[in-house]
Amino acid sequence: GTNAFADIRSLDALHIGDSVTLLGAYAFVSDSHLKVTFGENSRLSRMEDGALNRPLVDTTLPHGIGQALSGVTDAPHGGSIAVCMPEVIRWTLPESMEKFAQVACLFDPALQSQPTEVQANALPGILEDLFAQLLGTRLTMADFGLTADKVDAVADMALANYAGDISRHPRIANRQDLLDIIRKCL
C-alpha cells in the first residue's frame, strides 16, 4: 500500500513551481537502432521514484516488465519503462482511479472539473502524447527490438526475475495479463 510520505514525495517529483515538467529526455538514432537516454536529473528519470507510479510504492509492474524487456532486447532502462507505462496504467485503472486522476490533473489542470473516472482515464493518453512530444515519435516495444516471437520470453523473465515488482503492484498480474499488456505495447 501507499503512505502519506510516498504520496507527497511522488507528487513533489512532478512539480516545479506551478508547472509539471519532464526534462532531459533525448532520442537519437544510431545505426538504425533507436536509443533513448533519460538524463540523470531529469523529471522523466524520476519515474523510478514513483512520480508516474504515484499510487504505487517501490518498483512495481512497469519496472518488472521494463527490466524484462531490457533483458530480452537491451532496451534502455528508462525507455523500457516509459514504453509500457501507459498500457500498465490502463490495465491498473480500476484499482487506482483516484490517484491516477490526481496525477492526470497535474499534467492537465483543465481536467479538474471532470469526474474522477474521466480524469484517470485521460492519464495514459496524456503520457503517450507527452513521451511522443519529448522523443519526437511514438515508441513501441518493437522499436526496441521486441518481436512477437519474444513476447513470451519477456513475460516469463518478468515472472521469474521480477516477481517482487509484480507482487507490489495494486493489481496483481498473472502470465496471461503480462502477455496481453506486452502485446498491446508492441
Side-chain angles (χ1 to χ4, degrees), residues 6 10 13-14 22-28 33-93 95-96 99-100 103 123-135 137-186:
S10 297
L14 289 170
L22 293 173
L23 305 172
Y26 305 98
F28 61 95
H33 179 66
L34 185 64
K35 296 181 179 183
V36 180
T37 303
F38 297 92
E40 212 173 284
N41 295 319
S42 74
R43 292 289 174 202
L44 196 50
S45 71
R46 288 194 177 182
M47 197 178 304
E48 287 301 303
D49 287 337
L52 298 180
N53 284 341
R54 185 185 179 289
L56 322 170
V57 174
D58 210 347
T59 56
T60 61
L61 187 57
H63 186 263
I65 293 172
Q67 287 286 81
L69 176 65
S70 293
V72 171
T73 67
D74 200 28
H77 185 66
S80 69
I81 295 170
V83 77
C84 70
M85 181 70 69
E87 196 56 47
V88 170
I89 289 172
R90 277 187 192 93
W91 181 80
T92 310
L93 275 167
E95 303 299 323
S96 298
K99 292 181 180 183
F100 284 138
V103 174
L123 184 58
I126 289 169
L127 294 178
E128 287 168 338
D129 292 346
L130 181 61
F131 294 156
Q133 178 185 4
L134 288 169
L135 302 173
T137 187
R138 287 196 185 272
L139 292 179
T140 67
M141 288 185 176
D143 294 315
F144 291 120
L146 186 66
T147 54
D149 63 317
K150 299 217 175 171
V151 168
D152 285 331
V154 174
D156 291 341
M157 184 180 288
L159 286 167
N161 298 315
Y162 303 100
D165 290 342
I166 294 168
S167 71
R168 287 186 294 267
H169 199 75
R171 183 175 176 194
I172 305 302
N174 60 35
R175 186 174 189 275
Q176 188 59 52
D177 295 326
L178 291 174
L179 292 170
D180 293 345
I181 291 166
I182 295 164
R183 285 185 185 118
K184 288 178 181 177
C185 296
L186 263 178

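Note: hydrogens, waters and symmetry copies are ignored here, and every other heavy atom, side chains too, is used.
Screening residues 152-163 for salt bridge (charged side-chain N to carboxylate O under 4.0 Å, His left out) gives Asp152-Arg175, Asp156-Arg175 as the qualifying pairs, with residues at least two apart or on separate chains.
The closest side-chain heavy-atom distance from Phe131 to Leu139 is not below 4.5 Å. Within the 4.5 Å cutoff, the side chain of Asp129 has no heavy atoms near those of the Gln133 side chain. Proximity of Phe144 to Pro76: side-chain heavy atoms (C-beta onward) are separated by under 4.5 Å at one or more points. When side chains are defined from C-beta on, Met157 counts as touching Val72, because their heavy atoms get closer than 4.5 Å. Using a 4.5 Å cut-off on side-chain heavy atoms (C-beta onward), Ile182 and Leu146 make contact.
Not a single side chain to side chain contact (heavy atoms under 4.5 Å, CB included) links Ala163 to another residue, sequence neighbours left out. Shown here are the salt bridge (Lys or Arg N to Asp or Glu O under 4.0 Å) partners of Arg90, two or more places apart in sequence or in another chain: Glu87, Glu128. In terms of the salt bridge (Lys or Arg N to Asp or Glu O under 4.0 Å) criterion, Asp177 has no residue partners (sequence neighbours excluded). Contacts of Thr147 classified as side-chain hydrogen bond (donor to acceptor under 3.5 Å, both in side chains), with partners at least two apart in sequence or in another chain: Asp149. The side chain to side chain contact (heavy atoms under 4.5 Å, CB included) search around Ser167 returns none, not counting sequence neighbours. For Asp180, the salt bridge (Lys or Arg N to Asp or Glu O under 4.0 Å) criterion is met by no residue, not counting sequence neighbours.
Remark: Met141 CE to Cys84 SG distance equals 5.0 Å, nearest 0.5 Å. Atoms OG1 and CZ, on Thr92 and Arg171 in that order, are 7.0 Å from each other to the nearest 0.5 Å. Taken to the nearest 0.5 Å, the CG atom of Leu178 stands 10.5 Å off from the CZ atom of Arg183. In this structure, Leu186 CG and Ile181 CD1 are separated by 13.0 Å, a value rounded to the nearest 0.5 Å. Atom CZ in Phe100 sits 12.5 Å away from atom CD1 in Ile126 (nearest 0.5 Å). The structure places CD1 of Ile65 at 8.0 Å from NE2 of His169, a figure rounded to the nearest 0.5 Å.
The two residues Ile89 and Pro124 have their closest heavy-atom pair at CG2-CG, 3.7 Å. Taking both residues in full, the closest heavy atoms of Gly66 and Ser80 are given as O-OG, 3.0 Å, listed atom of the first, atom of the second, then distance. Of all heavy-atom pairs spanning Cys185 and Val83, the tightest one is SG-O, 3.9 Å. Heavy-atom minimum distance, Asp143 versus Arg138: OD2-O, 3.5 Å. Minimum heavy-atom separation, Ala173 to Ile166: O-CG2, 3.6 Å. Listed here is the closest heavy atom pair of Gly64 and Ala158: O-CB, 3.8 Å.
The backbone N or O of Ala75 lies less than 3.5 Å from a partner atom in the side chain of Ser70, making a donor-acceptor pair.
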